[in-house]
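Note sheet for the following structure.
Every heavy atom of this structure was used, including side-chain atoms; hydrogens, water molecules and symmetry mates were not. Just so it is clear, the structure is predicted and the values come from calculations on it, not from any experiment.
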Amino acid sequence: KVWESREKDPQNLALLANLMDRTYDRNLPVSSLTVSRFVDNITSTEEVDQAEYYLYKFRHSPNCWYLRDWTIHSWVRQCLKYGQREKALHTLQNKVQYGIFPDGFTFNLLIDSYIKDKDYKSACAVVEEVMLQEAFDLRSTQILSFYALGHYLATKPTLAVSGERALGASLLICGLTDRSTIGLSAQVIGNTLLGKVEMQNGIHAVFKAMPLHWAHGYLDRALAVMEEVSAGTGDAALTKDAVRTTHSSNKQDYGSANGFVELRSHLESSGKVEASSFQTLVSTLAQKELSAAEGPDLERYQEQVQGWEAERAQLIQREREMREKAEQEKRERLAVSAAAQ
């Protein structure tokens, strides 16, 4: 309702497309306001395809840094509205080519859309982009990401090296600021998956193009989190599947893994192994906390949209002033030319 209640700026997309084409043909920059108008006025799947082309063109133009945040938000909304969700994901995964760097609220819309369709693999593909952008600032984004990751893990996917790295990094980065059983379990599973990639392919296969540490020892970091939980006096524990995942990797890569066996035994004897699965815990978390986390998000969103509308009004006013100035200068040139004759 907040988004749809914005003041409308109806445009003819054919005329806008022609204007942008002629502007690019003359090697002149297209304004961010023109691209914004095109995206805002999409009314069909075919026009989503056209908008993708002009987003690409704008990204490779001198004005590329000025793609507006509300245009990115509008683009994702339009893709969802007209059944082109994969197009939104494609431009997100190729953000350098399209300039699509969403905020947390926009990420949430896309993750939530996939979750509702139980497409957890695609939801995790969005979470991977959140991880790469290091955008887990909103609690709601973190909860939705945990939910997607937990349900995708429960399908026991067969992953290539790139998939293990992406899933491991997403779990690790998402869980870093969460000291609960869910966050610590995510760190253990994430470090374990990354440790497996490290042992089999080397450390460069882990951290390259990732917001990850470049030092060796991801499996050791998983064990360090386990030791922290084992020695802790709070309620935090580790899920049974987190312990099982670490056991499997340590057995495979370190042989007998006696240190791990002792650590697991201590965790079990001190009641630090959670009987529920990671999937169950993230489902409970979403049921209990997501609605409360979304409240502040909606308040911020209302303020954000108001700010976007004020900025858009300023751009429209500036465009009007520049057009009037250009017309005045043209009249003066014509007057001078006429007087000279």
Side-chain angles (χ1 to χ4, degrees), residues 127 130-131 134 136-139 141-143 145-150 152-154 164-200 203 206-207 210-286 288-289 293:
V127 174
V130 178
M131 175 271 296
E134 300 179 65
F136 291 109
D137 302 315
L138 298 181
R139 178 59 174 166
T141 305
Q142 191 179 43
I143 293 172
S145 298
F146 277 144
Y147 189 93
L149 292 164
Y152 183 51
L153 276 172
E164 287 188 326
R165 182 177 81 141
L167 188 58
S170 297
L171 283 159
L172 174 59
I173 302 299
C174 185
L176 274 182
T177 60
D178 191 314
R179 309 307 297 171
S180 69
T181 296
I182 291 175
L184 293 168
S185 296
Q187 291 181 49
V188 169
I189 300 172
N191 274 314
T192 300
L193 289 172
L194 293 171
K196 182 180 177 183
V197 173
E198 178 189 352
M199 296 298 290
Q200 295 177 353
I203 189 64
V206 175
F207 75 81
M210 284 277 188
L212 296 170
H213 202 274
W214 55 83
H216 293 275
Y218 276 90
L219 282 177
D220 290 335
R221 292 183 192 113
L223 293 177
V225 176
M226 294 179 68
E227 290 175 357
E228 176 188 341
V229 174
S230 177
T233 58
D235 296 331
L238 294 175
T239 60
K240 58 185 179 182
D241 34 8
V243 176
R244 189 186 309 120
T245 300
T246 312
H247 179 211
S248 176
S249 289
N250 275 273
K251 188 175 181 180
Q252 177 180 342
D253 295 312
Y254 287 155
S256 62
N258 289 330
F260 168 81
V261 173
E262 294 176 4
L263 188 53
R264 183 183 65 176
S265 177
H266 188 272
L267 284 167
E268 291 172 344
S269 63
S270 58
K272 294 288 187 178
V273 177
E274 169 62 48
S276 301
S277 68
F278 188 71
Q279 179 188 21
T280 300
L281 289 186
V282 296
S283 297
T284 303
L285 175 69
K288 289 184 176 180
E289 295 189 22

Could you tell me whether the side chain of [X] and the main chain of [Y] form a donor-acceptor pair under 3.5 Å?
{"X": "Ser185", "Y": "Ile182", "answer": "no"}
{"X": "Glu198", "Y": "Gly217", "answer": "yes"}
{"X": "Tyr218", "Y": "His213", "answer": "yes"}
{"X": "Ser230", "Y": "Met226", "answer": "no"}
{"X": "Ser265", "Y": "Val261", "answer": "no"}

Query raised in the report: Are Phe260 and Val243 close enough, and set up right, to give a side-chain contact (heavy atoms from CB on, under 4.5 Å), and what steps lead you there?
Result: CA-CA 10 Å; Phe260 168 81; Val243 176; 4.0 Å; yes
Requested in this report: Consider only side-chain N and O atoms of Ser276 and Glu274, and report whether a donor and an acceptor are under 3.5 Å apart.
Outcome: yes
At their closest point, which heavy atom of [X] faces which heavy atom of [Y], and how far apart are they?
{"X": "Ala236", "Y": "Leu184", "value": "CB-CD1, 3.6 Å"}
{"X": "Gly175", "Y": "Ala186", "value": "CA-CB, 4.3 Å"}
{"X": "Gly183", "Y": "Phe146", "value": "CA-CZ, 4.1 Å"}

Any non-hydrogen side-chain atom of [X] less than 4.5 Å from a side-chain atom of [Y]?
{"X": "Asp178", "Y": "Arg139", "answer": "yes"}
{"X": "Val127", "Y": "Phe136", "answer": "yes"}
{"X": "Phe278", "Y": "Leu153", "answer": "yes"}
{"X": "Leu176", "Y": "Gln187", "answer": "yes"}
{"X": "Met210", "Y": "Met131", "answer": "yes"}
{"X": "Tyr147", "Y": "Leu285", "answer": "no"}
{"X": "Arg221", "Y": "Leu172", "answer": "no"}

Query - side-chain contact (heavy atoms from CB on, under 4.5 Å) between Leu212 and Ile173, worked out - result: CA-CA 8 Å; Leu212 296 170; Ile173 302 299; 4.0 Å; yes
Query raised in the report: Just one of Thr239, Thr192, Asn191 clears the side chain to side chain contact (heavy atoms under 4.5 Å, CB included) bar with Thr245, so which one?
Result: Thr192
Query - Identified side chain to side chain contact (heavy atoms under 4.5 Å, CB included) counterpart of Leu149 within the set Leu167, Val282, Ile189 - result: Leu167
Query - With Glu268 via side-chain hydrogen bond (donor to acceptor under 3.5 Å, both in side chains) - residues at least two apart - result: none
Which distance, rounded to the nearest 0.5 Å, do you find between the [atom1] of [X] and the [atom2] of [Y]?
{"X": "Ser277", "Y": "Lys240", "atom1": "OG", "atom2": "NZ", "value": "6.5 Å"}
{"X": "Arg264", "Y": "Leu223", "atom1": "CZ", "atom2": "CG", "value": "12.5 Å"}
{"X": "Leu193", "Y": "Arg165", "atom1": "CG", "atom2": "CZ", "value": "13.0 Å"}
{"X": "Lys272", "Y": "Leu263", "atom1": "NZ", "atom2": "CG", "value": "12.5 Å"}
{"X": "Phe207", "Y": "His216", "atom1": "CZ", "atom2": "NE2", "value": "8.5 Å"}

Report task. Using salt bridge (charged side-chain N to carboxylate O under 4.0 Å, His left out) as the criterion, list what pairs up with Glu228, not counting sequence neighbours. Result -> Arg179
